Asks: 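Quick one: structure below, then a few questions.
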Amino acid sequence: MDEFVNLKATELRLGLPGTNNVCEERVSCNSNNNKRALQADAENETETSPPRKTQIVGWPPVRSYRKNNVQTKKNESDGESQGIYVKVSMDGAPYLRKIDLSCYKGYSDLLKALELMFEFSVGEYSERDGYKGSDFVPTYEDKDGDWMLIGDVPWEMFECNCKRLRIMKGSEAKCLGSGV
Amino acid sequence: MPEDDEDQSPPSDLRSQPPCSPNKSRNCISSSSSQTFPDHVLENVLENVLQFLDSRCDRNAASLVCKLWWKVEGLTRSEVFIGNCYALSPARLTQRFKRVRSLLLKGKPRFADFNLMPPDWGANIAPWVSTMAKAYPWLEKVDLKRMFVTDDDLALLAESFPGFKELILVCCEGFGTSGIAVVANKCRKLKVLDLIESEVTDDEVDWVSCFPEDVTCLESLAFDCVEAPINFKALEGLVGRSPSLRKLRLNRFVSLEELRRLLLLGAPQLTSLGTGSFSRGDQSDEQGPPDYAAAFRACKSVVCLSGFRELMPEYLPAILPVCANLTSLNFSYANISPDMFKPIIHSCHKLQIFWALDSICDEGLQAVAATCKELRELRIFPFDPREDSEGPVSELGLQAISEGCRKLESLLYFCQRMTNAALIAMSHNCPELTVFRLCIMGRHRPDHVTGKAMDEGFGAIVKNCKKLTRLAVSGLLTDQAFRYMGEYGKLIRTLSVAFAGDSDMALRHVLEGCPRLQKLEIRDSPFGDVALRSGMHRYYNMRFVWMSACSLSMGCCKDVARAMPNLVVEVIGSDDDDENREFVETLYMYRSLDGPRKDAPQFVTIL
């Protein structure tokens with residue numbers, strides 16, 4: 001047992017000598033007779049570093065836009081949406097769109113939405129032959145940077161791996177579409 | 001720079017029924033004599049006269065004279081201001097006003113800016129655009145604040161209004177550079193494209209290249225809030241073929257060198273300049289450092305200067321040539337120390353509007369006070385916006401400003417410590433104050449010299465500043481402060497309260513004593529049902545009331561909703577206390593001519 005005691009003394013730690021490395025308790029906010037502020041404190045606990053006073057939501061009233069621009073370290077972006085947002089481009093279309101993949105239940109849902117959005121139709125999908133019957137082929141870029149055909153992997157895997165979508169047209173599409 | 005629009009009266013003019021007037025006013029020819037003067041002749045005369053009325057207030061008054069005036073005013077009003085997009089439906093707007101060319105619309109309540117409301121609350125522009133697309137094909141201007149605007153909305157806008165001239169989006173979100181691209185491309189008569197403090201997503205679209213290739217009508221282009229790189233060559237081309245361009249506000253992706261090139265192109269016409277990043281990339285200086293001051297010397301007409309998003313302080317003196325002409329200077333994105341600041345401000349004798357970070361310290365404020373005798377508006381933002389950070393500005397800076405800048409009308413001041421004495425001094429020195437917003441960042445913080453509450457200081461402000469219309473309070477405040485507000489704040493239209501007051505009486509003082517109160521926003525204060533009920537005689541005459549983290553019960557809110565059918569009472573979040581009484585987290589209520597909205601998200605309960 002003595003060995004362990006000695007080890008502790010020789011342990012390399014960041015911190016002033018004589019301090020232990022237990023986090024100081026957060027200073028609780030001034031008491032006020034309403035429980036909402038305390039709730040707000042609890043919500044924000046993860047954002048603050050210890051010994052500071054707990055930060056209250058929206059206080060001081062400085063717009064997050066201003067905070068992000070001025071300070072060199074970026075605050076955690078406020079109001080981050082829960083959705084899976086990916087950009088969608090279509091060859092020949094003037095501008096990109098952004099969609100939230102979490103809004104769709106599966107591939108047919110997604111493809112229908114894309115068809116409506118960009119006014120095209122996608123042809124029939126088969127595992128072996130890819131998309132047939134249309135000049136347009138829906139593809140996506142996965143986390144490895146590879147361009148894959150939409151529909152080849154299970155939906156949940158697609159949701160996790162998809163970085164962006166591209167609706168290819170013409171010859172490029174044919175190569176991918178015929179199943180690599 | 002964004003300023004709050006103040007409306008002047010409740011939207012009585014937007015009632016669907018014209019005022020009943022059994023005794024026809026002498027100004028109106030009664031229908032019995034309509035054989036001699038057909039109504040349409042009188043209407044034409046009236047139209048020609050009423051078209052000269054510009055002010056909302058005057059027009060609202062005119063519309064109340066009689067049925068005919070109501071009708072004709074509705075035909076001749078070309079600019080409509082709607083302070084709360086949910087106060088009426090788009091259909092009502094188009095029914096009442098037939099020839100609108102300009103719409104100013106405000107959406108979300110201000111506290112939404114501080115994340116006190118979940119996202120997707122509403123304020124969608126979509127129904128307005130689609131309704132106006134059919135009713136006002138000649139629409140020229142849309143000015144939105146805190147609205148949710150999508151790319152599709154912008155596309156519809158660009159397609160529906162061939163004469164569209166001005167798009168101003170302040171504190172908006174929901175769209176990206178794709179939407180901007182469509183507007184740039186399709187609105188051939190576009191004069192103004194101002195994106196101010198809005199969240200614009202980067203869709204990786206080169207929107208600057210989307211402007212038509214021939215000479216443009218552009219007079220104002222502000223994109224300082226767009227967090228996306230731009231095609232500089234395209235921007236150069238655009239500035240080169242925009243002979244009417246007077247206002248240009250660049251984003252932080254435009255470097256100092258690029259700014260210099262733009263100024264060489266178009267500097268002499270510019271009256272307002274947003275300088276972009278004001279920093280250089282890594283470039284070798286073969287011929288020595290470039291002469292940025294020369295570029296600014298060419299800016300003979302610039303009176304409004306902003307930007308400095310990533311300021312390299314050693315280049316700041318380049319702006320010296322324009323300082324003597326400046327009436328407006330915005331340093332609020334630049335961490336400038338007093339030593340850097342003083343030589344600059346020393347030349348700004350004409351300055352009327354000044355925004356900065358507190359990094360200039362009390363010392364910097366003293367320099368402002370010494371030089372800027374014409375100052376009307378001052379805004380000091382915190383570099384480190386936390387409750388317990390170091391406070392570089394204090395009552396000393398405020399005292400200096402009050403002594404040096406006697407014409408001050410509008411103040412926004414963030415600090416860590418303050419005294420009653422400084423506020424009392426300001427109340428005497430600056431009688432022109434109409435807007436006083438003080439944010440002592442530590443909650444419940446008293447006068448740091450005397451240890452007393454800040455009641456007397458704020459009391460002096462409401463008492464002595466007789467023109468005060470907007471007030472935001474902070475620090476340790478008892479009911480006494482609110483007693484003062486109720487007694488003296490007779491012109492107050494907007495009041496913001498946070499972490500203040502002791503009891504319901506505080507809010508009662510305000511609701512019973514401030515007859516002009518229009519906008520009330522309160523958070524984290526101990527005001528409950530008694531206070532809420534005490535204001536029921538006021539709520540129809542107000543634009544909105546926001547109360548979050550107070551002590552309101554669901555039962556009371558329901559009572560208010562039941563008693564006031566034209567009030568929309570929205571509740572966001574509620575909780576049961578120990579005695580199983582349901583308490584309301586956030587109450588947002590507003591008058592509405594068309595009942596509760598149909599686009600409320602799940603987290604909103606409309607009582």
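Worth saying up front: this structure is predicted, and the values here are computed from it rather than measured. By convention in this document, chain letters (A, B, ...) are assigned in the order of the sequence lines, proteins followed by strands, and residues within each chain are numbered from 1.
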Asks: Which answer fits B:Phe111, side chain, backbone, both or neither, if we ask what part of it has an atom under 4.5 Å from a heavy atom of chain A?
Replies: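 For B:Phe111, neither part sits under 4.5 Å from chain A.
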Asks: Under a 4.5 Å cut-off applied to non-hydrogen side-chain atoms, are A:Pro61 and B:Arg110 in contact?
Replies: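 The answer is no; the side chains never approach within 4.5 Å.
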Asks: Please answer whether the main-chain N or O of A:Gly58 pairs with a side-chain N or O of B:Arg523 as donor and acceptor at a distance below 3.5 Å.
Replies: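 Side chain of B:Arg523 to backbone of A:Gly58: a pair is present.
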Asks: Can you see which heavy atom on B:Asp202 is nearest to which on A:Lys87, and at what distance?
Replies: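 Scanning both residues, the minimum pair turns out to be O-NZ, 3.1 Å.
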Asks: Kindly give the heavy-atom pair with the smallest separation between A:Pro60 and B:Phe414, and that separation in Å.
Replies: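 Closest approach of A:Pro60 to B:Phe414, heavy atoms only: CB-CE2, 4.3 Å.
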Asks: B:Cys171 and A:Arg63: side chain to side chain contact (heavy atoms under 4.5 Å, CB included), yes or no, with the steps?
Replies: CA-CA 10 Å; B:Cys171 302; A:Arg63 296 188 66 226; 3.6 Å; yes
Asks: Pick from B:Ala498, B:Cys225, B:Ser198, B:Pro118: which one has the most heavy-atom pairs with chain A under 4.5 Å?
Replies: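 Of the options given, most contacts go to B:Cys225.
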Asks: Work out which heavy atom in B:Phe114 is nearest to a heavy atom in A:Val57; give both atom names and the distance.
Replies: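 Closest approach of B:Phe114 to A:Val57, heavy atoms only: O-CG1, 4.1 Å.
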Asks: So what's closer than 4.5 Å to chain A heavy atoms on B:Cys210: side chain, backbone, both or neither?
Replies: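 Neither part.
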Asks: Do any N or O atoms from the side chain of A:Trp59 and from the backbone of B:Gly442 form a donor-acceptor pair under 3.5 angstrom?
Replies: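 Not at all, since once roles are kept as given, no pair shorter than 3.5 Å links the two residues.
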